[in-house]
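Report on the structure given below.
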Amino acid sequence: MTAEPNAAAEAPVPAPADFIRDIVASHVAEQRYPGGIVTRFPPEPNGYLHIGHAKSICLNFGIARENQGRCNLRFDDTNPAKEDLEYVHSIAADVRWLVAGWAEQNLGLKPSGARPAATPDAADAADFYARPAPGGAAAEPFFASDYFEALYAFAERLILAGKAYVCDLSAAEIEAHRGTLDQPGRESPFRNRPAAESLDLFHRMRAGEFPDGARTLRAKIDMAAPNIWLRDPLLYRIRHLAHHQSGDAWCVYPLYDYAHCLSDYLEGVTHSICTLEFEVHRPLYEWILEALALPRALPRQYEFAKLNLAYTIVSKRRLLQLVQENVVTGWDDPRMPTLAGIRRRGVPAAALRTFVTGLGVTKFDSLTEIAVYENAVRDALNGLAARRLAVLRPVKVVLTNLAEDEVLECRATNNPQDENPATRPVALTREVFIESDDFAEVPPPKYFRLKPGGEVRLKYAGIIKLDEIVKDAAGALVELRCTFDRTTRQGEPNSDRKVKGTIHWVSASRCVEAEVRLYDRLFTVAEPAAEPDFLKVVNPRSLETITARLEASLADATADDRYQFERLGYFAIDAKDSAPGRLVFNRTISLKDTWAK
RNA sequence: UGCUCGAUGGUGUAAUGGUAGCACAAGCGACUCUGACUCGCUUUGUCUAGGUUCGAGUCCUAGUCGGGCAGCCA
């Protein structure tokens, strides 16, 4: 992970307001949660975090931050079949990156190895979590798997209270009994078996006596409920599978609805914020907590609409497909909307934060234009990026009135946005490269750049005039022969002489080569997820790799810095592939180009 | 056609019964040693129909349109 280039430079923004924050504020006002406000970010470690998660992270950490509370990072790891340690590590790193310099003091962690007591009553007695000092030793994220023992004890209690039972129906039979959206379900024949029998069976499930799928633990609610999630939902299933955290300790694993609400409760979470698709699960979330008659204030669930971004896929499943089918080079490919990809591409975390925060939080299923994201990225980078000269597609220019060995030193401004901008030297020599786009033999109307007989300013150097176009026998352009007006150099009397165009350039003899990766959107349509096959709308030109010529100072470029190649865009070192002597730059984003329209 | 949630310019949102505002986008102009940035101006909106009220985007009723829900996924 690269250091955050602008962690300290966050502009003060008014605290956001939305319907969830309004609710939190009213709870604070009525002192509903004396222990303070606790939220949580609960990813399942089955893929990399993406830009949609950034919205959730900023919401949950933002609320914690605004209320001097805490946001627990908790892995919702109840399904060992789909999860992997690689994802645990990437997610932890991505969260820390996004939150660094902003809400890291609100990141809820626990002392290494801390677990709630194994019995529900003891777990009720006190919160087991702690809040170590930032960066303190021995702090680690929470895991739902830490609660397997406590969750199991809670389940025993439900069985004893007649609120849960072991069901011997097969998966197909359970489905058949469930009914349909407009037809009530039928009760399981095992629904009313004695609690003692269910408890014995539940113990034997844990002991490994039954194969996968043979039995389940179900809540006893209402098979005729109009809400399907209340039709005796499954709480536990048998899975003879090793878990990335708990190893071989368990062969029964709790399901989401059961594990999530209780994990929230155990951690002292007050506001459990999730996306809209869990709206219909909320009655179940509440049913489980209330069925256990727990002593502390219960967490409540609130739902908001997830982020949808135009030309982007925000689905771990589909992102995994892109990786597996080698459409991209990995989860951290700079074209990916993953936090890892976005970071590698050079986007500052602060840009991502302003973007998602500016979106607001509602229950309306929206599609955000990509321009909003791009604006946030450019805006963050504009104040941050050191200006440099670089030529992507070189055309040779010979300044015929400069001697072969002549070197004219020019002062270039590092960032005109700074109050007292620093400068650096760049060398002008007889042979330079300019951008091929900046020359037109047959110029279109209102073309400000170099054209036959025309003048243009080489930025920081002075004005040149095109005298002659040299081509080879095949008619291909060889070089442009120009004269350099020495009286327009910095400090010379005509330095302020106006010409319409100013272009970038590099000295042909004093430049460095670098691999530059230019990115375009990964999909050709605004809503790739709505396509029957989203792989068919992958943009075949999403990556273009070229060899560019950079001003010599860029040989010392660092991965922590951000650069603007003047008139071209914002670029960053590719932290993974770049090495001393073999520079690799990613174009984070181009500059706005109103001329191209 | 069961339950549930939603609907404000092109897009995303604000207005908590009292002047429909902001951002992005778009258009025009100014500035410019980045056709960037910045600045100025402009276009465009309360799903429909009733009702309550001095006054409705907001409250009520009915409708229309859209999202979500029937994994031993989360």
Dump every N/O contact between nucleotides 15-17 of chain B and the protein below 3.5 Å, one line per pair.
unit_1	atom_1	unit_2	atom_2	d
B:rU16	O4	A:Asp22	OD2	2.7

(Q) Strictly below 4.0 Å: does A:Ser366 bring a side-chain N or O up to OP1 or OP2 of B:rU13? (A) yes
Q) Angle class for the A:Phe148/A:Tyr253 ring planes (parallel below 30°, perpendicular above 60°, tilted otherwise)? A) perpendicular
Q) Is A:Thr180 near enough to B:rA70 that one of its side-chain N or O atoms lies under 4.0 angstrom from OP1 or OP2? A) no
(Q) Both distances below 3.5 Å, Watson-Crick or wobble geometry, any strand: find the nucleotide opposite B:rG40. (A) B:rC28
**Q.** Comparing A:Trp229 and A:Lys55 on RNA chain B - which has the more 5′ nearest nucleotide
**A.** A:Lys55
Q: For A:Gly360 and for A:Val499, find the nucleotide of RNA chain B with the closest heavy atom, then tell me which residue's nucleotide is more 5'.
A: A:Gly360
(Q) Would you say A:Thr78 places a side-chain N or O within less than 4.0 Å of OP1 or OP2 belonging to B:rA74? (A) yes
(Q) Under a 3.5 Å threshold, yes or no: a donor from one side chain and an acceptor from the other, between A:Asp182 and A:Thr180? (A) yes
**Q.** Anti versus syn assignment for B:rG27, with syn defined as within 90° of 0
**A.** anti
Q. If you look at every strand shown and take non-hydrogen atoms under 4.0 Å, does A:Glu566 touch a base, only sugar-phosphate, or nothing?
A. base
(Q) Is A:Arg237 close enough to B:rA74 that one of its side-chain N or O atoms is under 4.0 Å from OP1 or OP2 there? (A) yes
Q) On the ring face of A:Phe433, is A:Arg549 found with NZ or CZ under 6.0 Å from the centre and within 45° of the axis? A) yes
**Q.** Pairwise C1' distance for B:rC22 and B:rU32, with rounding to whole Å
**A.** 28 Å
Q: Could you check which nucleotide pairs with B:rU16 in any of the strands shown, counting Watson-Crick or G-U wobble with both distances under 3.5 Å?
A: none
Q: Determine which nucleotide pairs with B:rG55, using a 3.5 Å limit on both distances of a Watson-Crick or G-U wobble pair.
A: none
Q. Paired with B:rG50 by Watson-Crick or G-U wobble geometry, both distances under 3.5 Å: which nucleotide is it?
A. B:rC60
(Q) Classify A:Tyr236 by what it touches in the nucleic acid, base, sugar-phosphate, or nothing, heavy-atom distance under 4.0 Å. (A) nothing
Q.
Please give the distance between the P atoms of B:rA36 and B:rG21 as a whole number of Å.
A. 29 Å
Q) Looking at the side chain of A:Tyr447, which of B:rC33, B:rG35, B:rC72 is the nearest nucleotide? A) B:rG35
Q: Report yes if a side-chain nitrogen or oxygen of A:Ser170 is closer than 4.0 Å to either non-bridging phosphate oxygen (OP1 or OP2) of B:rC72; otherwise report no.
A: no
(Q) Base, sugar-phosphate or nothing for A:Gln183? Non-hydrogen atoms, less than 4.0 Å. (A) nothing
Q: Scan A:His281 against the nucleic acid and name what it touches under 4.0 Å (heavy atoms): base, sugar-phosphate only, or nothing.
A: base
Q.
Mind checking if A:Pro43 touches a base, just sugar-phosphate, or nothing, with heavy atoms under 4.0 Å?
A. nothing
**Q.** Whole-Å C1' distance, B:rU61 and B:rU43
**A.** 37 Å
Q. With a 4.0 Å cut-off on heavy atoms, is A:Leu169 in touch with a base, just the backbone sugar-phosphate, or nothing at all?
A. base
(Q) Is A:Arg567 close enough to B:rG35 that one of its side-chain N or O atoms is under 4.0 Å from OP1 or OP2 there? (A) yes
**Q.** Among B:rC73, B:rC3, B:rC72, the one nearest A:Thr216 by side-chain distance
**A.** B:rC72
(Q) Check for me whether A:Arg388 meets the cation-pi criterion with A:Tyr563, that is, NZ or CZ under 6.0 Å from the six-membered ring centre and within 45 degrees of the ring axis. (A) no
Q) With a non-hydrogen cut-off below 4.0 angstrom, is A:Phe364 in contact with a base, only sugar-phosphate, or nothing? A) sugar-phosphate
Q. Are the charged groups of A:Asp264 and A:Arg74 less than 4.0 angstrom apart, N to O?
A. yes
**Q.** Under 3.5 Å on both distances, the Watson-Crick or G-U partner of B:rC65
**A.** B:rG6
Q) Can a side chain N or O of A:Lys592 be found less than 4.0 Å away from OP1 or OP2 on B:rU34? A) no
(Q) Looking only at side-chain N and O atoms, does A:Arg387 offer a donor or acceptor that is under 3.5 Å from a partner on A:His504? (A) no
**Q.** P-based separation of B:rA20 from B:rC60 [nearest Å]
**A.** 22 Å
Q. Just checking, A:Arg40 and A:Phe142: is the charged tip under 6.0 Å from the six-membered ring centre and within 45° of the axis?
A. no
(Q) OP1 or OP2 of B:rC72 versus the side-chain N and O atoms of A:Arg178: is any pair under 4.0 Å? (A) yes
**Q.** Side chain of A:Gln564 (C-beta onward), nearest among B:rU34, B:rG35, B:rC24
**A.** B:rU34
Q. Between A:Tyr152 and A:Phe202, how do the two ring planes meet: parallel, tilted or perpendicular, split at 30° and 60°?
A. parallel
Q.
Tell me whether the rings of A:Phe278 and A:Tyr256 are parallel (<30°), tilted (30 to 60°) or perpendicular (>60°).
A. tilted
(Q) So A:Tyr258, base contact, sugar-phosphate only, or nothing? Heavy-atom distance under 4.0 Å. (A) nothing
Q | Side chain of A:Thr594 (C-beta onward), nearest among B:rC24, B:rG35, B:rG67 | A | B:rG35
Q. At under 4.0 Å between heavy atoms, what does A:Arg231 touch on the DNA or RNA strands: base, sugar-phosphate, or nothing?
A. nothing
Q. Does A:Asp437 come within less than 4.0 Å of A:Arg567, counting only side-chain N to carboxylate O?
A. no
Q.
Between B:rG51 and B:rA15, how many Å separate the two C1' atoms, rounded to a whole number?
A. 24 Å
(Q) Partner lookup for B:rC72, please. Criteria are Watson-Crick or G-U wobble with both distances under 3.5 angstrom; report none if nothing qualifies. (A) none
Q: Assign A:Ala371 to base, sugar-phosphate, or nothing according to its heavy-atom contacts below 4.0 angstrom with the strands shown.
A: sugar-phosphate
Q. Using atom P of each nucleotide, how far apart are B:rG9 and B:rU4 to the nearest Å?
A. 27 Å
Q.
Applying a 4.0 Å non-hydrogen cut-off, can you work out what A:Leu458 is touching in the nucleic acid: base, sugar-phosphate, or nothing?
A. nothing
**Q.** Atom C1', compared across B:rU42 and B:rA74: separation rounded to whole Å
**A.** 48 Å
(Q) Under 4.0 Å, heavy atoms only, any strand: does A:Thr362 hit a base, just the sugar-phosphate, or nothing? (A) sugar-phosphate
Q) Salt bridge or not for A:Lys82 and A:Glu44, using N-O below 4.0 Å? A) no
Q) If you check the A:Glu369 side chain, which of B:rA36, B:rU11, B:rG35 turns out closest? A) B:rU11
**Q.** B:rC33: pairing nucleotide in any strand, Watson-Crick or G-U under 3.5 angstrom
**A.** none
Q. Heavy atoms under 4.0 Å, any strand shown: does A:Arg449 hit a base, just sugar-phosphate, or nothing?
A. base
Q: Between B:rA14, B:rG6, B:rA36, spot the one nearest the side chain of A:Gln417, thanks.
A: B:rA36
Q: With the side chain of A:Leu367 defined as its heavy atoms from C-beta on, choose the nearest nucleotide among B:rC72, B:rG12, B:rC24.
A: B:rG12
Q: Consider the side chain of A:Ala171, meaning its heavy atoms from C-beta on, and name the nucleotide among B:rG35, B:rC72, B:rG6 that approaches it most closely.
A: B:rC72
Q.
Under 4.0 Å, heavy atoms only, any strand: does A:Gly213 hit a base, just the sugar-phosphate, or nothing?
A. base
Q: For B:rG40 versus B:rA25, give the span between their P atoms, rounded off to a whole number of Å.
A: 15 Å
Q: Give a yes or no on whether a salt bridge exists between A:Arg449 and A:Glu435, defined as a side-chain N under 4.0 angstrom from a carboxylate O.
A: no
